[in-house]
Amino acid sequence: GENVEQHPSTLSVQEGDSAVIKCTYSDSASNYFPWYKQELGKRPQLIIDIRSNVGEKKDQRIAVTLNKTAKHFSLHITETQPEDSAVYFCAASPADSNYQLIWGAGTKLIIKP
Amino acid sequence: DVKVTQSSRYLVKRTGEKVFLECVQDMDHENMFWYRQDPGLGLRLIYFSYDVKMKEKGDIPEGYSVSREKKERFSLILESASTNQTSMYLCASNLGAIQYFGAGTRLSVL
């Protein structure tokens, strides 16, 4: 079955700098890759996603890139702000799984003032 | 506005007790999920359901069961709670790609 690995487990960056979180997946048939953000004490919420027929997607300060050949995808946050501090989860959805998600272990992003 | 509601934010139970965690969604979603969240382990799927009275085991079903008698409600049952089931439990539903989560239930088993 699908397996998703996420790195790093903790990332500390200076406010205003960029942050990059990486995930790898094992099942080449997976075709949907979302990123969720969980602020302290709150529920996870989708922030951006990408499908396997697209290489990159942007939404203001966040972007996701997908390399199907290498089976990895990354979340990029530019000009980080204090409100970006959270735990970020990547996930992969195997084909024909009705959007069941296999999750990475999460990355705690700390924005230093 | 999307709403997934979990019946309790915090629960404290004794070892051996039967525990019910309830989840209700008001979006007429077909799919519902129960996850367990532990630090460093991400979200681990316990059970999911694609339809009423239908259930499938996830990655860690041992010690848990589920019930889905109505489309909007998905219950997680701990038949005999143990201390290693102390955790945060998250319910989610989806229609299409996006999963919508409840606020979570933090369960402590003493």
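Values below: every heavy atom of this structure, side chains too, minus hydrogens, waters and symmetry copies. Naming convention: chains lettered A, B, ... in sequence-line order (proteins, then strands); numbering from 1 in each chain.
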Crowded around [X] [atom1]? As in, over 12 foreign heavy atoms under 6.0 Å?
| X | atom1 | answer |
| --- | --- | --- |
| A:Glu83 | CD | yes |
| B:Asn84 | CG | yes |
| B:Leu110 | CG | yes |
| A:Glu79 | CD | no |

Closest approach of [X] to [Y] (non-hydrogen atoms, all atoms of both residues):
| X | Y | value |
| --- | --- | --- |
| A:Arg51 | B:Ala97 | NH2-CB, 3.7 Å |
| A:Tyr36 | B:Gln99 | OH-N, 2.8 Å |
| B:Gly102 | A:Arg43 | O-CB, 3.2 Å |

### Query
Where does B:Arg9 contact chain A at under 4.5 Å (heavy atoms): side chain, backbone, both or neither?
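For B:Arg9, side-chain heavy atoms alone lie under 4.5 Å from chain A.
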
#### Entry: Contacting region of A:Pro44 [heavy-atom separation from chain B under 4.5 Å]
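Both backbone and side chain.
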
### Query
What part of A:Gln38 lies closer than 4.5 angstrom to a heavy atom of chain B: side chain, backbone, both or neither?
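Looking at A:Gln38, just its side chain touches chain B.
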
Determine, using the 4.5 Å side-chain heavy-atom cutoff (strictly less than), whether [X] and [Y] are members of one ILVMFWY cluster.
| X | Y | value |
| --- | --- | --- |
| B:Met27 | A:Leu101 | yes |
| A:Ile111 | A:Leu75 | yes |
| A:Val13 | A:Tyr88 | yes |
| B:Val4 | B:Leu90 | yes |
| A:Trp35 | A:Trp103 | no |

### Message
Nearest 0.5 angstrom please: A:Tyr32 OH to B:Ile98 CD1, how far?
### Response
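That separation rounds to 6.0 Å.
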
### Query
What are the residues of residues 35-58 of chain B, in order of number, with any heavy atom under 4.5 angstrom from a heavy atom of chain A?
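The residues closer than 4.5 Å to chain A, in numerical order, are B:Tyr35, B:Gln37, B:Gly40, B:Leu41, B:Gly42, B:Leu43, B:Leu45, B:Phe48, B:Tyr50.
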
